[in-house]
Amino acid sequence: MGTIALIKRFLPYFKRHRATVVFDLFCAALTTVCELVLPLMVRFITDSAMNDPAKLTVGIVLIIGGAYLLLRVIDTAANYYMAAVGHIMGTRIETDMRRDLFDHLQRLQFSYYDETKVGTLMSRITNDLFDVTEFAHHCPEEFFIAGIKITVSFAILSTMNLWLTLIVFAIVPVMILVCNPFRRRMKEGFRKSREVIGEINSQVEDSLLGIRVVKSFANEDMEREKFKKGNHSFLDIKKKIYHAMAGFSSTTRLFDGLMYITVVVAGALFMIGGYINAADLIAYLLYVTTLLTSVRRIIEFTEQFYRGMTGIERFCEIIDTPVTITDKEGAVALSDVKGEVVFDRVTFRYDEGGQDILSDLSLTAKAGQRIALVGPSGGGKTTLCGLIPRFYEVCGGKITIDGIDVRDVTLDSLRQNIGVVQQDVYLFSGSVRENIAYGLPNATDEQIKEAAKLAGAHEFIEALPEGYDTYVGERGVKLSGGQKQRISIARVFLKNPPILILDEATSALDNESEYIVQQSLDRLAKGRTTFIVAHRLTTVKNADMIAVLTDDGIAEQGTHTQLIEAGGLYAQMYGMYTIE
């Protein structure tokens, strides 16, 4: 995106703080008064001393000094406001952007996270927005101050000698033209550096979250090499950035000297010709100093400016990612759910134009039934279940709950009525109590304990060092697989949904843990419409209906007894996993 387009996208965040911005710019204007008035004071004193010494009395000098001190006091107060409230405003803008970014990430569909690294997203929501604070604060200030100084300096200098002023200011566009290639390299460099640091964050996250796997394979050296590669890529990009910055800074210093020597030489020639006096030339040099100081501040700000612009650009890339699964207009809340779920000629594919994962599939689960989904890996069992709460959107056909298309109800009410227990249990960093209460945020201690008892988790929780207040560690690393699974089941008990999805909920457990967890799942499934995805066929013998999914759809369906008697694919699979 171009710089102007990015600024337009950023302006709405400024509008929320327009009063602070306006007063901040007013203070910025006040801070320029001292610099603009001082050369005039020096000019007056010099001119009076040279042409009319009697005019320069002690009283006049003291008045000038007192006026300048007063201006300095005003300058100090204005500068304090800019440094404190101005920076706070920048932080507020950064906070607003981070809030909007996080909110958008919460609304994005599963397919987005299937393709995007979490470490990269972490970089964008944290590091990329850090520089926005300085950008948001300094960008209006620096350009506003520079605009005032350049405009006022031009006006005052023109009254002293118009031709000398035009000569000096003619150098500025040449300087901008020469510096422009360096500016473009800096912007591109900052954009690439953000991409690389996002990749580094992602790689570090992978390595540290998988540290047990790394150590078990003694692959620390391989991880170091991967990190070294990314780290050196970042170094190479930073080198290019600093070469561009050095070229930018050095070029502007060259033009600084050029402007100074132009004023000295041309001013001296004009003074010899009688077109300017000594007092005006001294004032001229002071104003040129003020002008060059403004240019230098903008140059120094250029790095921060492009860091901020890069952060805004990467912010916009995520904000502009469309949310494809949303509430349709007129969607109603799903309520009083009985639990009948019907797949009516459902077709699904992950990518537009890609291969169908499910094609023209029909399946009916009556209220309170247990439906087991079995079959070879890749047959679409988990995908089928993910379509019910609209984690993914059907590409054809429809899914109804109690006769209502799931696309006609609000997402929040739909997902409130569906509970999911997965193989890969995710526990949040916090206490056992907090993780169970995630199923019902306002639950009482009694409700939490009752849910834990129903899930068969109460006894082991009470035996933990701090009971329900025990810290579970990141992703629940301090608990066993069976314990984590029972806490996740307690979470769903607390939610108490009429529809349940059990996705390989016991496949990663040992026999003893599986037996305990299976008892908990049986209690949880009682009276609920339940979809069970399972590879261990012994766990689905008691299902009301078993559907065998293959790449070609539902190959066969029926009860365990019916399918065994039919001697088809299910019977063959059951024979492979069991010995009767």
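Here the structure is a predicted model, which is why all the values come from computation and not from measurement.
Counting heavy atoms from C-beta on, the side chains of Thr31 and Tyr81 never come closer than 4.5 Å. Between Phe315 and Ile125 there is no side-chain heavy-atom pair separated by less than 4.5 Å. In this structure, Val432 and Leu464 have side chains that are in contact, with non-hydrogen atoms separated by less than 4.5 Å. A heavy-atom distance below 4.5 Å is found between the side chains of Asp320 and Arg9. Leu121 has its side chain within reach of Thr116: a pair of non-hydrogen atoms, C-beta onward, lies under 4.5 Å apart. When side chains are defined from C-beta on, Asp100 counts as touching Tyr13, because their heavy atoms get closer than 4.5 Å. Proximity of Phe144 to Thr32: side-chain heavy atoms (C-beta onward) are nowhere separated by under 4.5 Å. Between Asp114 and Tyr392, the closest side-chain pair of non-hydrogen atoms falls below 4.5 Å.
No hydrogens or angles considered: nothing links the side chains of Tyr426 and Asn435 as a donor-acceptor pair under 3.5 Å. Asp327 and Thr410 share no donor-acceptor pair across their side chains, judged by distance under 3.5 Å alone. For the residue pair Ser488 / Gln485, a side-chain donor-acceptor distance below 3.5 Å is found, with atom types taken as modelled.
No more than 12 heavy atoms of other residues, nucleotides or ligands sit less than 6.0 Å from atom OH of Tyr80. Within a 6.0 Å radius of CZ in Arg433, other residues, nucleotides and ligands contribute more than 12 heavy atoms.
Ring geometry, Phe23 versus Phe26: the interplanar angle falls from 30° to 60°, so the pair is classed tilted.
In terms of the side chain to side chain donor-acceptor pair (under 3.5 Å) criterion, Lys229 has no residue partners (sequence neighbours excluded).
Taking all atoms of both residues into account, the shortest heavy-atom contact from Ala136 to Pro140 is O-CD, 3.3 Å. Closest approach of Met245 and Phe190 over heavy atoms only: SD-CZ, 4.4 Å. Among all heavy-atom pairs drawn from Ile312 and Val132, the shortest one is CG1-CG2, 4.4 Å.
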Ile4 and Lys8: CA distance, side-chain angles, deciding distance, side chain to side chain contact (heavy atoms under 4.5 Å, CB included) verdict: CA-CA 6 Å; Ile4 301 299; Lys8 285 181 179 178; 3.9 Å; yes
Intermediate values then yes/no, side chain to side chain contact (heavy atoms under 4.5 Å, CB included), Glu199 and Val204: CA-CA 9 Å; Glu199 289 296 322; Val204 168; over 6 Å; no
Derivation and outcome, side chain to side chain contact (heavy atoms under 4.5 Å, CB included), residues Leu30 and Asp75: CA-CA 6 Å; Leu30 291 178; Asp75 173 85; over 6 Å; no
Verdict with reasoning, Ile436 to Ile461, per side chain to side chain contact (heavy atoms under 4.5 Å, CB included): CA-CA 11 Å; Ile436 295 176; Ile461 293 173; 3.9 Å; yes
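Results of the side chain to side chain contact (heavy atoms under 4.5 Å, CB included) test with Leu361 over Val394, Leu384, Leu387 single out Leu384 as the only residue that passes.
For the atom pair Ser480 OG and Arg486 CZ, the distance stands at 6.5 Å (nearest 0.5 Å). Rounded to the nearest 0.5 Å, atoms CG (Leu6) and CZ (Arg314) are 13.0 Å apart.
Phe10 has its ring centre less than 6.0 Å from the ring centre of Phe135. When ring centroids are compared, Tyr112 and Phe110 stay outside the 6.0 Å threshold.
The pair Glu188-Arg184 does not meet the salt-bridge criterion, since no charged nitrogen lies less than 4.0 angstrom from a carboxylate oxygen.
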